[in-house]
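Reviewing the structure listed below.
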Amino acid sequence: AQSVTQPDIHITVSEGASLELRCNYSYGATPYLFWYVQSPGQGLQLLLKYFSGDTLVQGIKGFEAEFKRSQSSFNLRKPSVHWSDAAEYFCAVGVKGNTGKLIFGQGTTLQVKP
Amino acid sequence: EAGVTQSPTHLIKTRGQQATLRCSPISGHTSVYWYQQALGLGLQFLLWYDEGEERNRGNFPPRFSGRQFPNYSSELNVNALELEDSALYLCASSLSGDRYNEQFFGPGTRLTVL
């Protein structure tokens, strides 16, 4: 069965430091992959997506992610974190076969220290 | 361009009552998805509507139902409410037949069951 694992439930980084959020997936083929961000009390905002092609994808707010097929990973990175980046981050895989379903990881809460 | 909108923002019900949640998709999107985000359970796929038809449902009991109207807006109904139905309910929309399943989310409806 398809699944998504975000190993880190909670991460704290200092403002200006670099960030990497981990995401591992289990899927039988090349997946469609997404990163979403959720601020407290808000819905999900799409940060970036990977469908095919270049394995390094750029997103909004200075985020990027790299798809590594050999490691079944799609880690999210940002070179310099801002206090406004504090939020919960979700990795998701789109299930092929016209199911309409996204499978989400459990989320990683990012705290930014001043 | 207006995003996905949901109403109401908050809804408080008592056990056994019925709740109705509403969602308007992005203009031009004909697919609507519902997800439940309950504490400790993460984001779970509930339902998918496209062109007025239910296309897929997640592992939820039949008391979770909904419909999609001719203008593509959607309604989620939860009958015989139970305490564990308390959650944030997120609606998302996408273009019909989007093979990549790129979904855009609304701000959610917070349902509290007392």
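Quick note: numbers below take in every heavy atom, side chains included, and nothing from hydrogens, waters or symmetry partners. Below, read A as the first sequence line, B as the second, and so on, with proteins coming before strands; counting in each chain starts at 1.
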Working to the nearest 0.5 Å, report the span between CZ of B:R57 and OG1 of A:T99.
14.5 Å
Give the cluster check for A:V37 versus A:V4: same hydrophobic cluster or not, with ILVMFWY residues linked at side-chain heavy-atom distances below 4.5 Å.
yes
Under 6.0 Å from the CD1 atom of A:I9, do we count more than 12 heavy atoms belonging to anything else shown?
no
Under 4.5 Å from any heavy atom of chain A - which part of B:Q37:
side chain
Check each atom of A:Q38 against the heavy atoms of chain B and say whether the ones under 4.5 Å are side chain, backbone, both or neither.
side chain
Might you confirm whether atom CZ of B:R15 has over 12 heavy atoms from other residues, nucleotides or ligands at distances under 6.0 Å?
no
Does CG belonging to B:N71 count more than 12 external heavy atoms closer than 6.0 Å?
yes
Which answer fits B:L46, side chain, backbone, both or neither, if we ask what part of it has an atom under 4.5 Å from a heavy atom of chain A?
neither
B:L88 side chain reached by A:Q42 side chain, heavy atoms, under 4.5 Å
no
Considering only heavy atoms, which portion of A:L44 lies under 4.5 Å from any heavy atom of chain B: side chain, backbone, both, or neither?
both
Please round to the nearest 0.5 Å and tell me the distance separating atom CD of B:E102 and atom OH of A:Y32.
12.0 Å
Just how far is it from atom CG of A:L46 to atom CZ of B:F104, taken to the nearest 0.5 Å?
6.0 Å
Among the options B:T9, B:L43, B:V4, B:N56, pick out the one with the most heavy-atom pairs lying under 4.5 Å from chain A.
B:L43
Considering only heavy atoms, which portion of B:L90 lies under 4.5 Å from any heavy atom of chain A: side chain, backbone, both, or neither?
side chain
B:F105 portion near chain A, given a 4.5 angstrom heavy-atom threshold:
both
Straight-line distance of B:Y33 OH to A:K101 NZ, nearest 0.5 Å
13.0 Å
Other residues, nucleotides, ligands: >12 heavy atoms within 6.0 Å of B:L83 CG
yes
Measuring from A:F104:CZ to B:Y35:OH, what's the distance to the nearest 0.5 Å?
5.5 Å
Looking at A:G100, is its backbone amide N or carbonyl O close enough to the side chain of B:Q103 to form a donor-acceptor pair, meaning the two atoms are under 3.5 Å apart?
yes
